[in-house]
There are 2 protein chains.
Amino acid sequence: MSANIKDVALKAGVSIATVSLVLNNNTRISSETKRKVLKAVKELDYHPSRSARGLVSNITGNIGFILTDDHFLKTEPFYTRIFLGSEFAARESEYYILLATIDSKFKEGDSLPRFLKEKNVDGIIIAGKVPLDFIDVVSKLEIPFVFVDYYPQQGDFPVVIIDNVKGGFTATQHLINLRHQKIGFIGADIMHPSISDRLYGYKSALQNSNLYFDESFIVTEEDYPNRACGYSAAKKLYEKKPDITAIFACNDAMAIGAMHFLKDNGLKITGDVSLIGFDDVEADLMLDPPLTTIHVPKIELGTEALNLLMKVIKNNSSPKKILVPIELVVRESTRKLN
Amino acid sequence: MSANIKDVALKAGVSIATVSLVLNNNTRISSETKRKVLKAVKELDYHPSRSARGLVSNITGNIGFILTDDHFLKTEPFYTRIFLGSEFAARESEYYILLATIDSKFKEGDSLPRFLKEKNVDGIIIAGKVPLDFIDVVSKLEIPFVFVDYYPQQGDFPVVIIDNVKGGFTATQHLINLRHQKIGFIGADIMHPSISDRLYGYKSALQNSNLYFDESFIVTEEDYPNRACGYSAAKKLYEKKPDITAIFACNDAMAIGAMHFLKDNGLKITGDVSLIGFDDVEADLMLDPPLTTIHVPKIELGTEALNLLMKVIKNNSSPKKILVPIELVVRESTRKLN
DNA sequence: TTCAATCGGTTAAACGTTTAACTTAAAATT
DNA sequence: AATTTTAAGTTAAACGTTTAACCGATTGAA
């Protein structure tokens with residue numbers, strides 16, 4: 001068996017209480033004893049037993065990371081990257097991360113991940129849009145939670161998110177700066193706050209530059225904003241507005257779909273049309289031409305979410321909104337209109 | 001606070017030992033008492049404390065699920081599905097799953113996931129190819145582990161895998177059945193056992209049908225078998241063998257890349273060439289035409305891996321190889337040669 | 001009829017921590 | 001010099017289980 005607190009105490013010549021206090025950064029201990037204890041800890045490669053610690057302190061040391069299965073299975077690894085950010089941050093912290101998915105059509109009464117049933121997490125990260133029913137269930141659990149990359153309209157929760165309005169504005173402004181005037185927007189699942197915010201940013205930018213605009217510049221599909229959706233939306237957009245010179249897709253997946261449509265129909269990027277996406281997924285670089293987009297720092301969203309959750313757990317901090325900055329990434333799919 | 005074993009014992013009118021024995025399916029208990037206890041458990045929504053249980057029994061109740069970061073971030077959700085299978089199976093079991101990634105260039109001495117450093121898992125699932133250095137490190141930990149969708153050549157380990165040779169054979173045989181004779185193979189990372197097995201199956205099928213064949217029908221790229229790789233491999237293949245009538249891609253990602261190459265060069269599927277992939281990823285259905293492929297039951301791989309691991313943990317079972325059956329899925333990218 | 005075996009359960013120790021309450025010595029205050 | 005305060009550490013109880021050892025009652029064998 002591996003060393004326990006007794007072994008450390010013996011080796012350092014102190015009581016087990018002292019070892020515990022040192023490890024919990026109690027100020028009552030002199031720096032000399034601290035040094036001795038830490039030395040013994042290192043030499044014995046001692047790690048406190050989570051079970052013992054949890055038993056007495058009622059801390060599980062676990063963090064739940066929850067998202068819907070279809071978000072998890074998305075083709076463009078977006079939420080997986082956010083998870084990675086959290087997981088990486090957790091390596092530095094006291095916590096383990098338990099990843100679980102829920103049904104994207106979760107209803108009250110549906111089976112929950114085990115660690116929720118048993119209340120075996122100290123906090124929860126909810127990534128991406130989840131059914132309101134699920135939020136209701138989680139709220140009743142009395143376990144602290146934070147949202148990342150999504151939060152529900154009603155209610156006031158701690159959340160880590162990007163400024164989607166600003167992103168939409170920036171993307172559109174980029175096209176305007178390139179002298180484009182007829183700029184189409186393709187989106188989907190318009191009830192999703194991120195997407196409606198991006199659309200709002202798009203409209204604001206146009207308005208801000210006094211550009212003519214009407215609803216026929218906008219195509220929004222019903223379902224999930226994926227490649228297939230981008231293809232069909234681009235198609236519809238061209239049927240309505242064949243004279244557009246630029247397209248802003250609400251995310252890169254749709255932009256990729258749109259790109260396929262354009263290729264299939266002999267439309268050249270950037271000869272005939274400029275295209276900008278949103279997210280900055282890996283695939284963008286492989287495209288021909290590489291996609292101009294708004295960079296979303298996914299890893300950072302994950303680490304920030306974990307850090308915020310830690311604060312919520314520790315200080316019982318009040319609802320707080322953390323905005324992670326985004327950035328325009330100019331590649332080759334947008335060009336100045338001549 | 002939630003109920004503990006004392007509350008249950010009180011309610012059922014027995015000792016806490018009895019409650020514990022019932023919950024651990026000890027045979028010493030009469031069915032009548034068992035019933036009483038179970039009733040009390042249900043009424044109080046009692047869940048044993050993992051900490052307390054772990055403290056006395058030295059069982060953590062955690063399973064580690066480990067894969068390289070680039071496998072986790074793959075565009076086609078393959079390993080995420082395997083994870084999902086394991087996660088779902090774990091809901092029925094006693095265990096929590098801790099997902100962690102390691103660097104795809106992991107070297108001895110690199111930072112390990114926390115739960116490994118602290119030996120806080122009862123078993124490990126290793127998904128996909130991982131560096132040998134990592135396997136060495138894990139072996140020294142004396143924690144049971146199983147491989148899924150990969151295992152190293154040397155050594156004898158418990159593993160859940162598909163029959164890649166058979167898959168390669170089946171795919172090729174399908175093309176042969178459609179009267180194709182000049183069948184190209186595109187692959188990558190040929191050191192990967194799955195891929196070399198598929199190639200072996202391809203060769204066997206050709207040989208089995210006495211078809212003429214030489215190495216120039218085969219193109220293998222150095223790096224990871226992704227879309228970009230499929231594009232370039234298809235290109236090279238056509239430069240060497242412009243008269244092929246069918247292509248077997250070692251996985252769907254490469255098949256998709258190849259499809260793009262074919263489209264870009266005015267080659268029609270299935271008019272000019274038939275194409276078959278391997279894996280059966282979601283994207284296949286969106287393609288034009290939908291891709292014929294070998295279906296790999298990813299969820300099942302995950303559940304089987306978890307189940308096997310449980311057996312290894314419990315019975316200390318000997319190394320065992322579980323073969324999960326694959327299946328040919330005929331869609332529209334392959335057609336009889338006329 | 002007596003003794004051993006079996007059945008169905010209980011008692012109590014142990015697991016490895018945390019932390020409130022306590023102790024002792026030294027320093028500061030009166 | 002006597003008293004109080006502070007600093008630095010120790011003692012011991014508590015957390016909620018599991019499980020070996022134990023116990024009494026019933027059954028079976030001799």
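Here the structure is a predicted model, which means the values were calculated and not measured.
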Among the nucleotides [options], which one has an atom lying closest to any side-chain atom of [X]?
X     : options                : result
A:A52 : C:dT18, D:dT10, C:dG16 : C:dG16
A:N4  : D:dT19, D:dG9, C:dT17  : C:dT17
B:I29 : D:dT11, D:dT18, C:dG9  : C:dG9
A:V14 : C:dT10, D:dT10, D:dT17 : D:dT10
A:L55 : C:dG16, D:dT18, C:dT10 : C:dG16
A:I5  : C:dG16, D:dT18, D:dT11 : C:dG16

task: May I have the step-by-step check of salt bridge (charged side-chain N to carboxylate O under 4.0 Å, His left out) for A:R53 and A:E94, ending in yes or no?
output: CA-CA 12 Å; A:R53 186 175 260 183; A:E94 301 283 288; 3.3 Å; yes
Name of the residue among B:I125, B:V121, B:I124 meeting side-chain contact (heavy atoms from CB on, under 4.5 Å) with B:I63: B:I125
field: Residue whose closest nucleotide on DNA chain C lies nearer the 5' end, B:I16 versus B:V56
entry: B:I16
Could you tell me whether the phosphate oxygens of [N], OP1 or OP2, come under 4.0 Å of any side-chain nitrogen or oxygen in [X]?
X     : N      : result
A:T33 : D:dG9  : yes
A:N24 : C:dT18 : yes
A:S30 : D:dG9  : yes
A:R28 : D:dA8  : no

field: Heavy-atom pair with the smallest gap, counting every atom of B:V14 and B:V37
entry: CG2-CG2, 4.0 Å
Using whole Å, what does the distance between atom [atom2] of nucleotide [N] and atom [atom1] of [X] come to?
X      : N      : atom1 : atom2 : result
B:N26  : D:dT17 : CG    : P     : 17 Å
A:R53  : D:dT17 : CZ    : P     : 21 Å
A:K6   : C:dC15 : NZ    : P     : 7 Å
B:L44  : D:dG16 : CG    : P     : 14 Å
B:I59  : C:dA14 : CD1   : P     : 20 Å
A:L23  : C:dT19 : CG    : P     : 12 Å
A:N120 : D:dT17 : CG    : P     : 11 Å
A:N58  : D:dG16 : CG    : C1'   : 10 Å

For [X], which contact category applies under a 4.0 Å heavy-atom criterion: base, sugar-phosphate, or nothing?
X     : answer
B:T18 : base
A:S51 : nothing
B:S49 : sugar-phosphate

message: Assess whether a salt bridge exists between A:E108 and A:K140, defined as any Lys/Arg side-chain N lying under 4.0 Å from an Asp/Glu carboxylate O.
response: yes
message: As a quick check of understanding, evaluate salt bridge (charged side-chain N to carboxylate O under 4.0 Å, His left out) for B:R114 and A:E87, giving each step before the final call.
response: CA-CA 10 Å; B:R114 214 179 152 73; A:E87 200 258 314; over 6 Å; no
message: Would B:R91 and A:F115 count as a cation-pi pair here, with the cationic atom under 6.0 angstrom from the ring centre and within 45° of the axis?
response: no
